[in-house]
Asker: 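My questions all concern the structure below.
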Amino acid sequence: MSKILVTGGLGYIGSHTVVELQNSGFEVVIVDNLSNSSIAVLDGIVAITGIKPHFVKMDLREKDSVNNFFEKHQDIKGIIYFAASKAVGESVENPLLYYENNINTLVYVLQNCVKHDISNFIFSSSCTVYGEPDSLPISEEAPVKKATSPYGNTKQISEEILQDTCSVSNLKSVALRYFNPIGAHDSALIGELPLGIPQNLVPFITQTAIGLREQLQVFGDDYPTPDGSCIRDYIHVVDLAKAHVVALQRLLSHKNTSGFEVFNIGTGKGSSVLEVVNTFEKVTGNKLNYKIANRRSGDVIAVYADTLKANNELGWKAQKTLEEALLSAWNWEKKIRHQ
Ligand code: NAD
Ligand code: UD1
């Protein structure tokens, strides 16, 4: 049984990935500082899988602690790296926090990969690296555009750090560029736990439907899209979690074709904000209180993935529909609000 380190493993995507890793027979060690997650997530993972992963509460910004951790865990075979701060607006207000938490931490961990010869590394990147695409669907060949926020910049810089490290060491890395992860585990035992007012569409929808928020604002209906609202590629978090297991197995079985590889992880299907709202209403039977509002600054008009490379080379394809994802998000919202 290979031992895999999952940094940020109690977070939204990390916790779903830990479940899939354990279901696939991997032994998991989670490192998380609980800055954006709760220790109770561990109970959810245990309830789903029957296995309690090893958990170490640690802040990856503390270089000495990181070094000590790797001295103690010399049998780690691979790393899935989720730990990061991810609020775009906050990154604009406090860029140094983002460069420290998303870049310094990665460097400390990679130094230990090189030192202890840990060669399999999966990284959480984002479709944000593409900016406003020139053509759709967007493939991995599309140029990386100048980042519009420090958060986006940390993803671009991280990919470069990985590429540079892979070219001079035994490190092999896969960067997964996620499109828009939504939904929750079918069991409703783990899901997304946004702090404060959600910035992302689906948690805002479920919180409005449950009565925590008065009204959803649809940011713009005058974009050059069929219904005027922005288009995104919404991917079920369980499908996304499975992509990490497949990418890890690719590296462990030496199937990678270069030291640093990039894959788009999306469904390949674009959905507009209004389509998401309508689908949510249809599958849950809720009438959503929403209004059309001004455009949100910084939003791209439309982005969805060309998934051919992930389908053909990685051997991964999204299985779940938007309907399933929205229903699971709603079941999770009801569960955490005891309804
Ligand atoms: P999340 O905030 O739910 O999970 C991140 C976890 O990392 C949290 O549990 C947090 O406590 C932990 N963490 C943060 N800083 C840490 C540190 N210094 N030391 C130890 N632990 C630390 O976020 P998520 O949505 O699960 O995202 C996971 C990764 O995927 C992030 O790198 C994020 O940038 C990336 N990503 C997310 C999305 C998205 O929409 N959710 C999209 C694209 C990429
Ligand atoms: C966000 C992040 C991006 C990340 C991506 C993937 C921002 C600015 N960007 O992008 O870095 O890579 O998630 O998860 O946070 N919307 C509304 N009303 C709302 C909330 C959102 O209409 O209350 C609309 C937005 O205008 C957008 C769509 O819903 O068109 C999706 O928004 P959101 O969930 O915030 O994701 P992105 O902006 O795509």
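Residue indices begin at 1 and follow the sequence shown. When a ligand or atom number is given, it counts from 1 through the structure's own listing order. Heavy atoms only: backbone and side chains are in, while hydrogens, waters and symmetry mates are out.
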Asker: Among all protein heavy atoms, pick the one closest to atom 14 (C) of ligand 1 and tell me residue, atom and distance.
Answerer: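 Protein heavy atom with the smallest distance to atom 14 (C) of ligand 1: S35 OG, 3.4 Å.
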Asker: Just distances here: any N/O of C127 and N/O of ligand 2 closer than 3.5 Å?
Answerer: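 No, since none of the N or O atoms of C127 sits under 3.5 Å from an N or O of ligand 2.
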Asker: Identify the closest protein heavy atom to atom 2 (C) of ligand 2: which residue and atom is it, and at what distance?
Answerer: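 Of every protein heavy atom, V88 CG2, 3.9 Å lies nearest to atom 2 (C) of ligand 2.
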Asker: Suppose I only count heavy atoms of Q217 and a 4.0 Å limit; which atoms of ligand 2 are within that range?
Answerer: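 Once the distances to Q217 are compared, the set is 17 (C), 18 (N), 19 (C), 22 (O), 23 (O).
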Asker: For Q199, counting its heavy atoms only, list the atoms of ligand 2 lying under 4.0 Å from any of them.
Answerer: 20 (C), 35 (O)
Asker: Would you say D32 has any N or O atom under 3.5 Å from an N or O of ligand 1, going by distance alone?
Answerer: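 For ligand 1, there is an N or O atom that lies under 3.5 Å from one belonging to D32.
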Asker: State the atoms of ligand 2, each with its element, that fall below the 4.0 Å cut-off from a heavy-atom position in F179.
Answerer: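 Matching atoms, with element in brackets: 6 (C), 14 (O).
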Asker: Any pair with a residue in residues 76-94 that passes side-chain hydrogen bond (donor to acceptor under 3.5 Å, both in side chains), sequence neighbours left out, goes on the list, sorted by first then second residue, please.
Answerer: Y81-T105, S85-N101, E90-Y98
Asker: Nearest protein heavy-atom contact for atom 24 (C) of ligand 2: which residue, which atom, what distance?
Answerer: V273 CG2, 3.7 Å
Asker: Using the ring of each side chain (for Trp, its six-membered ring), is Y12 parallel, tilted or perpendicular to H16, with breaks at 30° and 60°?
Answerer: perpendicular
Asker: Report the part of L34 in contact with ligand 1, treating N, CA, C, O as backbone and CB onward as side chain, heavy atoms under 4.0 Å; options are side chain, backbone, both, neither.
Answerer: backbone
Asker: Does M58 come within less than 4.0 angstrom of ligand 1, counting non-hydrogen atoms of the residue?
Answerer: yes
Asker: Look at ligand 1 and say whether K155 reaches it with a heavy atom at a distance under 4.0 Å.
Answerer: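 Yes, K155 has heavy atoms under 4.0 Å from ligand 1.
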Asker: Based purely on interatomic distance, does L201 place a nitrogen or oxygen under 3.5 Å from a nitrogen or oxygen of ligand 2?
Answerer: yes
Asker: Out of Y108, Y81, F82, indicate the one that has the non-hydrogen atom closest to atom 32 (O) of ligand 1.
Answerer: F82
Asker: To which protein heavy atom is atom 32 (O) of ligand 2 closest, and what is the distance rounded to 0.1 Å?
Answerer: R296 NH2, 3.5 Å
Asker: State whether the shortest distance between N or O atoms of I13 and N or O atoms of ligand 1 falls below 3.5 angstrom.
Answerer: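 N/O-N/O distance below 3.5 Å exists for this pair.
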Asker: Which residues pass the side-chain hydrogen bond (donor to acceptor under 3.5 Å, both in side chains) test with S258, not counting sequence neighbours?
Answerer: none
Asker: Which ligand 2 atoms, with their elements, are less than 4.0 angstrom from a heavy-atom of T128?
Answerer: 11 (O), 12 (O)
Asker: Distance under 6.0 Å and angle within 45° of the ring axis: does R177 meet both against F263?
Answerer: no
Asker: Of all the atoms in ligand 2, which lie at a distance below 4.0 Å from a heavy atom belonging to C230?
Answerer: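 It comes down to these atoms of ligand 2: 30 (O).
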Asker: Tell me, which protein residue and heavy-atom name are nearest atom 36 (O) of ligand 2, and how many Å apart are they?
Answerer: N180 ND2, 3.1 Å
Asker: Tell me which one of N104, N33, L10, N180 gets a heavy atom nearest to atom 21 (N) of ligand 1.
Answerer: N33
Asker: At less than 4.0 angstrom from any non-hydrogen atom of P181, what atoms of ligand 2 do you find?
Answerer: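 Taking each heavy atom of P181 in turn, ligand 2 has 14 (O) under 4.0 Å.
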Asker: What part of Y178 sits under 4.0 Å from ligand 2 if we count only heavy atoms: the side chain, the backbone, both or neither?
Answerer: neither
Asker: Please identify which atoms of ligand 2 are closer than 4.0 Å to at least one heavy atom of Y151.
Answerer: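 Here the atoms of ligand 2 in question are 11 (O).
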Asker: May I ask you to identify, for C127, whether its side chain, its backbone, both or neither come under 4.0 Å of ligand 1 on a heavy-atom basis?
Answerer: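 Neither part.
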